[in-house]
Undergrad: 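Just passing along the structure, written as structure tokens.
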Amino acid sequence: MERNNPIGRRIDVNMLFVLFLLIATSLVAVYAAQLSDSSLGNIAVKQAMWFLVGAVMLVPMTLFDMEQYEKMAWGLYAIGLASLGFLMVAPASIVHIGNGAKSWYSFPGIGTFQPSELMKPFLIVCLARVIDRHHLNEPDNKTLKDDGLLVLKTGLITLVPIAFIMMQPDLGTSLVIIAIYFTMLIASRISGKILIPLFAGVAAFASAVIYIAVRYGEWLKKIGVDTYQLNRITSWLSGGQINNDQTYQLHQSLLAIGSGKVYGSGFSPSDAVYLPESHTDFIFSVITEHFGFIGGALVICLYFILIYHIIMTGIHSNQAFGSYLCAGVVGMLSFHVVENIGMVIGLLPITGIPLPFISYGGSSVLGSMMSIGLVMSVKYHTRYLMFS
Amino acid sequence: MNKKKKKNHIPFRLNVLFLIIFLAFSTLILRLGYVQIVHGEDYVRELKKTQTVTTKIQSPRGLMYDTKGRLLVGNTAKNALVFTRKPDQDLIKLAKKLSRYLDVSTKENVSDGDLSTSQVTVRDMKDYWIATHPKIYEEKLSADEYEKYKKASDAKEKAKMNAYYDKVLARIGEKELGQLTTDDLKVIAIWRKLEQGTNLTPTYVKIGLSQDELARIGEHLNEFDGTIDTSVASTRTYPEGHFFFLGNIKEIPRHEVDNYLADGYNRNDLVGTSNLEQQYEDILRGVPMTYTYKKKNGKPVGTPKKVEGRRGDDLVLTIDADLQKKIGNILENRIREFLGSHARSAYAVVMNPHTGGILAMVGRTYDPATGKFKDTSEGTILNAFQFGSSVKGATVLTGFQNHAVPAGRIVDKPFRFNGGGKFSSFTSGIGAVNVTEALEHSSNIFMGTIAGRMAGFQFADVGSAYKVRVFNGPKYVHAVHALRDGYNQFGLGVHTGVDLPFESTGYNGGVPDQPGKIMQFAIGQFDTYTPLQMAQYVSTIANGGKRIAPHLLESVHAPGDDPKKIGPTIKTYPTKVLNTVANTKQQIDLVHEGFYLVTHGSGGTAKSLGTGVNAKYKIAGKTGTAQLAPIERGLYNLAFIGYAPYDNPQVAVAIIAPETRENHINLYIAQDIFKTYFSLYPDQLKD
């Protein structure tokens with residue numbers, strides 16, 4: 001049957017075009033960032049090379065079919081965990097510590113690499129397999145107990161990497177993994193009777209944490225909660241008015257974005273705002289400073305179109321495993337985009353996660369491209385039945 | 001097909017997910033619009049206020065040329081190393097690094113701004129030793145002192161720490177300093193220059209970099225995090241001599257620092273502090289080169305953005321440097337010639353009576369102690385003298401304004417005042433004179449009559465003299481003011497409006513107690529005037545009654561591409577008419593005629609200027625001889641003011657030789673100046 005489907009239909013050209021536009025945006029934005037901070041060197045070229053590596057990787061990833069991914073699932077999960085675990089015990093010579101987090105391997109001559117970026121797609125594959133197998137094996141008249149068992153199983157699988165990542169510590173990536181877990185639960189057959197109370201509970205818990213942080217901040221510090229974590233919340237809620245490192249970043253970011261106004265400053269070196277991490281986590285500030293509201297809104301739309309294509313691929317897939325993969329990727333990308341952009345425009349607390357496809361960084365580029373590889377594979381192996 | 005059956009929940013679930021994402025993204029765009037569109041302007045405003053800090057380095061100043069295009073003020077440019085200090089910088093590390101690229105001389109005498117180990121003082125060496133040997137405190141202080149020092153240091157008590165620093169300083173001796181090598185001294189020579197820099201104010205580390213040094217530094221410039229740069233430092237040169245009116249550039253005077261800082265200067269900038277350099281600071285300064293740093297938490301970070309400056313604009317002056325120098329020689333030669341009759345100094349101003357353009361302003365003073373001359377040209381605007389009868393042209397015209405000039409002739413014979421006292425002309429036997437003859441013979445009696453009539457005095461002819469009844473009532477007071485007002489119309493006793501930051505206006509004697517003194521006032525023996533004021537006065541008569549502001553600036557020019565040529569004109573100094581005297585053309589022509597008779601009439605007091613070899617210059621003018629108290633010394637101010645040619649005045653001159661005997665040095669100087677002037681501008685003699 002597959003032979004009846006032409007290649008053109010099995011490869012989502014529109015999605016690839018959106019991806020291409022995002023890559024172009026990345027190169028322009030990274031170049032703008034390096035223009036205003038000469039200490040960065042020529043990182044736009046390095047970024048282009050990472051995209052090239054990622055693009056080459058897309059080919060084999062597309063050709064693997066669902067059965068092969070299902071077979072590899074546990075292996076990938078194990079590799080991901082091993083690379084995270086080894087980071088904790090690795091000799092200092094091959095570890096890079098950035099912003100106080102032990103999140104990177106450092107390979108002399110090649111650069112640094114962040115294993116948690118790979119853990120995300122690997123976890124998606126693993127969770128997809130576990131959910132798919134669970135639903136295949138459960139009786140037709142499944143009970144809430146069956147669903148609860150799945151929530152626990154997948155929850156456990158998710159918690160192990162989170163534990164490793166929180167040891168680095170890296171709150172942002174941990175939240176991404178939680179987001180992946182939740183979106184994949186939504187896509188699974190787990191009954192709404194479990195999901196709705198679950199999400200409501202999580203929302204209540206998060207609100208309580210924020211409330212306590214604001215109301216009893218001093219007390220929390222006394223019992224040993226890191227000031228750094230508290231500052232994130234207080235600076236976010238203060239709109240950049242409190243003077244600490246976190247609010248300073250937010251304040252600078254808002255200045256850069258705000259001064260871009262509708263059309264931005266263009267490429268003229270209006271590099272008057274000093275932005276820490278302008279090429280990585282705060283790349284969106286650079287885009288909106290130079291290209292204004294129009295540029296910023298366009299980038300958000302590009303992400304939206306990309307996610308639309310992934311969701312359509314998930315809906316049209318005739319293999320549940322493929323749909324779960326797409327849901328995981330959607331969860332991962334959307335959380336990245338919403339949290340990253342949300343934090344630089346002062347909507348959400350600052351957590352150090354990159355803007356997928358655009359922020360500078362090899363691990364981030366590879367992780368994001370891998371997730372697109374999964375989606376392309378789902379599309380490529382979807383069988384369009386003539387008479388269905 | 002089992003799988004397919006179990007999959008039908010997925011579209012619904014994924015659509016729910018899609019809806020959530022749609023809402024989240026919409027929120028992002030709304031918030032982005034709020035930040036950028038609603039509050040964009042606010043952020044732009046705040047950005048301008050707080051985010052950058054700019055430092056400046058001066059551009060080369062504009063040049064000055066004389067009216068014939070000769071360079072009067074130039075620049076010599078030298079390559080220089082500029083250091084801009086940032087807070088908390090390790091200057092020793094920087095000095096060590098720079099010492100690898102910079103040559104430091106070991107010679108005693110080096111040019112300004114160059115580096116030499118000879119500049120290093122013992123104190124510098126000791127400071128350096130302490131800075132590079134932190135353990136020195138432990139060595140040099142007793143155990144007890146060291147404990148106390150550490151306590152003070154931990155508590156950051158600056159005063160106590162300084163006291164211990166001084167102790168250590170005193171205890172460092174030959175033992176330590178002897179260990180310093182020549183290389184160390186070179187580092188110290190650089191270090192002490194770096195230490196002189198204040199935060200964010202660029203300072204020169206070394207002026208006069210060789211091409212080798214420039215290349216070495218250039219190669220490593222990016223390693224200094226923007227604190228080191230190369231630039232061009234320039235110093236002023238004066239190829240034709242440092243004429244006083246060119247002015248000086250110096251560091252900003254302490255009491256004016258705030259004003260200059262507000263205008264965007266640095267504390268250590270050189271600015272024009274006198275005369276033309278000060279007057280035209282804005283034009284000469286140009287646009288400084290700027291380095292803009294981004295600020296992080298109030299501190300500058302990263303590599304600054306550099307914006308090249310622009311050299312200042314050039315000035316072309318009305319001065320003729322050749323004439324200026326030649327008149328200097330004339331004054332020296334004539335003073336030397338008349339040293340025997342107490343000639344000591346002389347001043348001359350030459351200007352164009354129609355435009356006010358000053359061609360020369362020269363003064364020379366003989367120093368009997370050394371036998372040499374001093375250039376006292378600034379006296380032409382700063383020193384005021386009694387110019388004697390040279391003011392009589394103004395007296396006559398003021399008399400006309402007050403209807404006090406006798407219509408016909410009056411006989412020149414002494415006044416005797418009812419309260420005692422005498423007033424007479426300088427020479428006797430003048431006879432009966434009308435207004436023009438009164439100028440020709442310099443009749444004091446005629447001028448005294450004008451002043452007396454204005455003051456309401458009563459005259460009675462008693463044969464050998466006139467008896468004068470003087471009054472000191474309101475009419476007299478009014479007359480003094482009226483006379484002074486009349487003189488002011490010619491520039492006597494007021495600012496001339498010259499384009500220099502300071503000029504003297506002379507001494508104003510007020511209303512004299514003895515009413516008879518108004519007559520002294522009317523013959524130039526009461527108030528004092530500067531040579532420049534006299535030049536303005538004679539120009540006003542020469543041009544037919546317009547008081548023109550004298551000026552040194554002719555035009556402003558943009559820096560040209562060709563350094564040998566003057567660039568395109570930006571603006572030309574306009575002729576400024578300050579006022580017009582309140583006299584008719586006929587009245588002014590009478591004075592012209594009187595001034596002509598001074599040099600051409602049979603009884604003229606400067607006949608020599610109108611006859612013989614001088615006849616061709618067509619000089620008209622007025623002499624002045626002011627007798628100086630005490631009379632026993634026999635000293636006079638000898639003055640001459642005049643213009644030529646009398647039928648079409650092209651040049652006006654004011655000359656004074658103060659405190660000399662009656663040797664006619666004023667006329668000799670006048671003759672030489674006109675001769676020199678017309679040898680430089682022969683065309684102006686033709687019709």
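Throughout, protein chains are lettered first and strands after them, A, B, ... in sequence-line order, and every chain is numbered starting at 1.
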Undergrad: Where does Y308(A) contact chain B at under 4.5 Å (heavy atoms): side chain, backbone, both or neither?
TA: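 For Y308(A), backbone and side chain are both near chain B.
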Undergrad: Give, as side chain, backbone, both or neither, the part of Y303(A) having an atom under 4.5 angstrom from any heavy atom of chain B.
TA: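 Interface part for Y303(A): both.
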Undergrad: Which members of residues 204-217 of chain B, sorted by number, sit under 4.5 angstrom from chain A on a heavy-atom basis?
TA: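 Heavy-atom contacts from residues 204-217 of chain B to chain A are absent.
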Undergrad: Look at V330(A), V338(A), I257(A) and state which one has the largest set of heavy-atom pairs under 4.5 Å with chain B.
TA: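 The candidate making the most pairs under 4.5 Å is I257(A).
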Undergrad: State yes or no: are the ring centers of F304(A) and F22(B) separated by less than 6.0 Å?
TA: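 F304(A) vs F22(B): aromatic centres under 6.0 Å.
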Undergrad: Report the residues that fulfil side-chain contact (heavy atoms from CB on, under 4.5 Å) with T203(B), sequence neighbours left out, ordered by chain and then residue number.
TA: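 Counting only residues at least two positions away or on another chain, T203(B) forms a side-chain contact (heavy atoms from CB on, under 4.5 Å) with F83(B), N268(B).
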Undergrad: Which pair of non-hydrogen atoms, one from L32(B) and one from F284(A), has the smallest distance, and what is that distance?
TA: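 Closest pair (atom of L32(B), atom of F284(A), distance): CD1-CE2, 3.8 Å.
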Undergrad: Around atom CZ of F199(A), are there more than 12 heavy atoms from other residues, nucleotides or ligands closer than 6.0 Å?
TA: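 Yes.
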Undergrad: Under 4.5 Å heavy-atom distance to chain B, tell me which part of L333(A) shows up: side chain, backbone, both or neither.
TA: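 No part of L333(A) comes within 4.5 Å of chain B.
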Undergrad: Report yes or no: does Q36(B) contribute a side-chain atom to a donor-acceptor pair with the main-chain N or O of F293(A) at less than 3.5 Å?
TA: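 Side chain of Q36(B) to backbone of F293(A): a pair is present.
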Undergrad: For the backbone of L347(A) and the side chain of R31(B), can you confirm whether one donor and one acceptor N or O come within less than 3.5 Å of each other?
TA: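 Answer holds: no.
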Undergrad: So what's closer than 4.5 Å to chain B heavy atoms on F182(A): side chain, backbone, both or neither?
TA: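 When you check distances to chain B, no heavy atom of F182(A) falls under 4.5 Å.
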Undergrad: According to the side chain to side chain donor-acceptor pair (under 3.5 Å) rule, which pairs have a member within residues 329-345 of chain A, sequence neighbours left out?
TA: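 The answer is K120(A)-H336(A), E339(A)-T351(A).
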Undergrad: For the atom pair OG1 (T183(A)) and CZ (R13(B)), what is the distance rounded to the nearest 0.5 Å?
TA: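 Going from OG1 on T183(A) over to CZ on R13(B), the span is 12.5 Å.
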Undergrad: Are more than 12 heavy atoms from other residues, nucleotides or ligands located less than 6.0 Å from atom CZ of F224(B)?
TA: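 Counting other residues, nucleotides and ligands, CZ of F224(B) exceeds 12 neighbours.
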Undergrad: Find out whether F25(B) and I341(A) are in side-chain contact, i.e. whether some heavy atom of one side chain is under 4.5 Å from a heavy atom of the other.
TA: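 The answer is no; the side chains never approach within 4.5 Å.
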Undergrad: Where do L28(B) and V337(A) come nearest, in terms of heavy atoms and distance?
TA: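 So the two residues come closest at CD1-O, 4.3 Å.
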Undergrad: Give, as side chain, backbone, both or neither, the part of L298(A) having an atom under 4.5 angstrom from any heavy atom of chain B.
TA: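 Neither the backbone nor the side chain of L298(A) comes within 4.5 Å of chain B.
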Undergrad: When rounded to the nearest 0.5 angstrom, what distance separates OG in S259(A) from CZ in R45(B)?
TA: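 S259(A) OG to R45(B) CZ: 13.0 Å, rounded to 0.5 Å.
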Undergrad: Who passes side chain to side chain donor-acceptor pair (under 3.5 Å) against S253(A), sequence neighbours left out?
TA: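 Scan of S253(A) (side chain to side chain donor-acceptor pair (under 3.5 Å), adjacent residues dropped) gives S285(A).
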Undergrad: What is the minimum heavy-atom distance between F18(B) and I311(A), and which atoms define it?
TA: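 So the minimum-distance heavy-atom pair works out to CD1-CD1, 3.3 Å.
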Undergrad: If you compare all heavy atoms of L14(B) against all heavy atoms of A187(A), which two are closest, and at what distance to 0.1 Å?
TA: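 That would be CD2-CB, 4.3 Å.
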Undergrad: Taking all heavy atoms of I345(A) and all of V35(B), pick out the closest pair and write down the distance.
TA: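 Minimum heavy-atom separation between I345(A) and V35(B): O-CG2, 4.2 Å.
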Undergrad: Looking at I29(B) and C301(A), what are the two nearest heavy atoms and their distance?
TA: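 Looking at all heavy atoms of both residues, the closest pair is CD1-SG, 4.4 Å.
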